[in-house]
Structures are given as C-alpha cells and as structure tokens.
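Every chain is numbered from 1 and lettered A, B, ... according to where its sequence line falls, protein lines coming before strand lines. Values reported hereafter were calculated over all heavy atoms of this structure, with side chains retained and with hydrogens, waters and symmetry mates removed.
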Amino acid sequence: MPSLKDLRNRIASVTATQKITKAMQMVAAAKLRRAQAHAESARPYAERMDVVLANLSAAMRGREGAPRLMVGTGDDKVHLLIVCTAERGLCGGFNSSIVRLARDHANRLIAQGKQVKILCVGKKGQDQLKRLFSRYILDTISLREVKRLAFSDARNIGDRVLAMFDAGEFDVATVFFSRFKSVIAQIPTAQQVIPANVPEIEAGEGAGSAYEYEPDEADILADLLPRNISVQIFRALLENAASEQGARMSAMDSATRNAGEMIDKLTLSYNRQRQAQITKELIEIISGAEAL
Amino acid sequence: MAKTFKFELVSPEKLVISGNATQVVVPGSEGAFAVLPGHAPVMSTLKPGVLDITMDGEAETRIFVRGGFAEGGPESLTVLAEQAIPMAELDAAALAEEVRNAEDDVKDARDDETRARASERLDHLRQLQGSL
C-alpha cells in the first residue's frame, strides 16, 4: 500500500504530464489547421497537372518514343520505396502504420525475388525500418530543420530520385505516405510515381489532339514528367504533415483523458487512505483514554 | 466591357491569381506570345520570364515566373509555374544571386547538353535583369 506521500507525488506527476499532453494537443490543433490549409492550396496545381498529363499521354498513346518516365524501363526487378514519415513521435499509430504498409510491400517484393531499395524521408521511419531492413536502406532525408514545407524541399527529393532513375538504379518507385481524410482518420497509402501513373481520360474527350503544342508533345512531356515527380512528392509530404498533426492531436487528446482518469482514481485512494489514517489515530486516542 | 477569358496562375504552393483577364503575355519557351479571348488551344512550356497580365478593368500586373507550362483555349488560360513572384517583390539582389548560380552551373556543366541548357537559362536571367 503506497503511503500518503507517495500518492501525493504521483498525483502531482500525472497532473504535470496531463498539462504537457494538453498543451501538445492544442499546439497540434493549431498546426493542423495550418497544414490543412497548406495542403488545400497545393491541390489546384496537382489537379491541373493531372489533367494536362492525361491529355498529353492520350495524344502520345500508341506512338513511338514515349519517355521512359512514363512507360518505365520495361523491367520491374528493382523497386525503390520512398517512405515518408514524421520527424517526431508521440503521434499515435501514424508512423507505425506507414511503416507497416511499406514493410508488407517490401516483404511481398522480396518474396517474389525482386530487389528492394528504401529511401526514408523523416527520421521515425528509418528508426523503425532499420531493424528489419537496414541493409536495404539507402539513405534518410531529414526534414527536421524545415519549418514550413516548401516546394523546393520536394524538388530536392525529386531530383535525387530522378538522378537515381537516370543512372538505372531502380525500375519502379513507390511513395508511401499517409493520406489525410479527417482528424481521426488517416489512410496509409502507397502511390507509384515511376513509371508515372497517368489517369486515363475518356476516349470521347479527345480534346488533346486539338492543341497546338509548342514545342511538340514529346518535348513537353519530357519536361513535365520530371516535374510531376516533385509535385507528387510535394503532395505526399503535405498530406503527411496534415495527417501527422491530426494523429498527434487525437493521440494527445486520449492521453489527456487517460491522465484525467488516473488523477481521479489516485485522488480517490489518497482520500480514502487519509480517512483511514484519521480513523486509526482517533481509535488510538480513544483506546488510550479508556485504558486509563 | 471588353471581352475576357478565365485566367489562372497556379504555383505548387498556392493559387496565385484567378479571375477574368483581357490579355496575358506568356513567355513561352519558343518565344513569348499574347493570349487574347478566343485564342486557339495551345500548350507551351515556359522559360523564365515575366508574365504580363491585364485583368478585366485593372492595371497591368507583372509577375516573374519560372519553370512550368501554359495551357490555353478560347475561353481559358492556365499557367502552372514552379515559382511565381510579383515583380514588385522581386529584388535585384535575389536576381543577381540567381544569375551567379546560373553562371556556376555553366561552369560546372560536364557535357555539352547540360552546358547548353545552363547557358540558355543564364541568358534568360540576364535578359530579365536588364528589363528590371
């Protein structure tokens, strides 16, 4: 049975923890709003890009000399997994669920006899992956110093991936991130970026053929596809940022609630014990008086 | 009222401008072209340069754009640019820095193709510096 002093100490420490989790929850809520707005403002660009690429690829379909970024290397032996996670923990199952998805994917590929390479974006993913896959991890890109995610950050990653692709270091690239659905629901997602996964447009909408291309389709496509990689990565990072804050917010919310419950329980047993001690002292005094 | 068309300038970070324009001059990679209402469908990549936008009933806006493309039709024009900075906010020092970077690129280029591309970029930037 813990003494009164022990109980008092525990209540104090749980209260302090609750204050921290509460503060973290509020910070995450504020950051979430910002991240969400940020992700939303990036959406028009990505949507336009999709439409234009779909038009162009429709125009290019069936023609010779389509860029390798679109048709692939014709092989799928070496897979690059770009695993985007957070830089910090304390956000519930956010990092683990992305890592789990990537891990399952990697295991499946390895079972098929394919070669796997992993590029981690964010420290937490690397921490969790290195236990099982340390020999596959090429490198970790840390975005720890980045306060506000800019397109140039995504472009740096994109350029690196492209350089590796040009050097023939892999055939297929997939990005793993968490799609932000709502504050309580984030969906771990795998998206293939190389060869580009261009959305199909309906055959009737063949507006693409009416365009005047300047320079011609192939050149534009060759210019756009590398850009599209960066755009996709940027989008993944933004979605991830919003998801991270959402996950942290709900994790901290339940932590605060748990701390509250614990404080209630501890306070109850503290009061009970205090009462017991008073009763005990009273009995001692009374029986002492009676003995006289 | 003059005839207008829908114009949008989008950068990866935000929708910069959206509204009705009467004329937009686009710095295409094969030469600048002006887009008026009723322009034939066109798709072009951009070179670093200045976008001259005349919005409906407003004075001309000049925006520096880099990297991207323009897609236009009779009723709309969309410009996707990796970077879009209003000329008023573009300072000479930042541009000078860009020029220096480009010069380094030319120097560091290993094969002819990258050198040609880098020096082309340098030319564009110098031109822009001149127009400032």
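When heavy atoms are compared at a cutoff of 4.5 Å, A/L238 does not approach chain B at all. Neither the backbone nor the side chain of B/A70 comes within less than 4.5 Å of any heavy atom of chain A. Residue contact with chain B, scored on non-hydrogen atoms closer than 4.5 Å, involves the backbone and the side chain of A/F151 alike. Neither the backbone nor the side chain of A/A39 comes within less than 4.5 Å of any heavy atom of chain B.
The most heavy-atom pairs under 4.5 Å with chain B, out of A/D223, A/V231, A/V52, come from A/V52. Between chain B and the options A/A42, A/A154, A/S152, A/A150, heavy-atom pairs under 4.5 Å are most frequent for A/A42. The candidate with the highest count of non-hydrogen atom pairs below 4.5 Å against chain A, out of B/A40, B/G72, B/G68, B/G73, is B/G68.
A/P44 approaches B/V10 most closely through the heavy-atom pair CB-CG1, 3.9 Å.
A salt bridge is absent between A/R48 and B/E71: the closest approach of a Lys/Arg side-chain nitrogen to an acidic carboxylate oxygen does not fall below 4.0 angstrom.
Under the side-chain contact (heavy atoms from CB on, under 4.5 Å) criterion, A/K31 pairs with A/V27, A/R34, A/Q245, sequence neighbours left out. Among residues two or more places apart in sequence or in another chain, the side-chain contact (heavy atoms from CB on, under 4.5 Å) test is passed with A/A185 by A/K181, A/S182. For B/E82, the salt bridge (charged side-chain N to carboxylate O under 4.0 Å, His left out) partners two or more places apart in sequence, or in a different chain, are A/R155, A/R227.
Scanning residues 24-34 of chain B against chain A with a 4.5 Å non-hydrogen threshold yields B/S29, B/E30, B/G31, B/F33, sorted by number.
Counting heavy atoms of neighbouring residues, nucleotides and ligands inside a 6.0 Å radius, atom CD of A/Q192 exceeds 12 of them.
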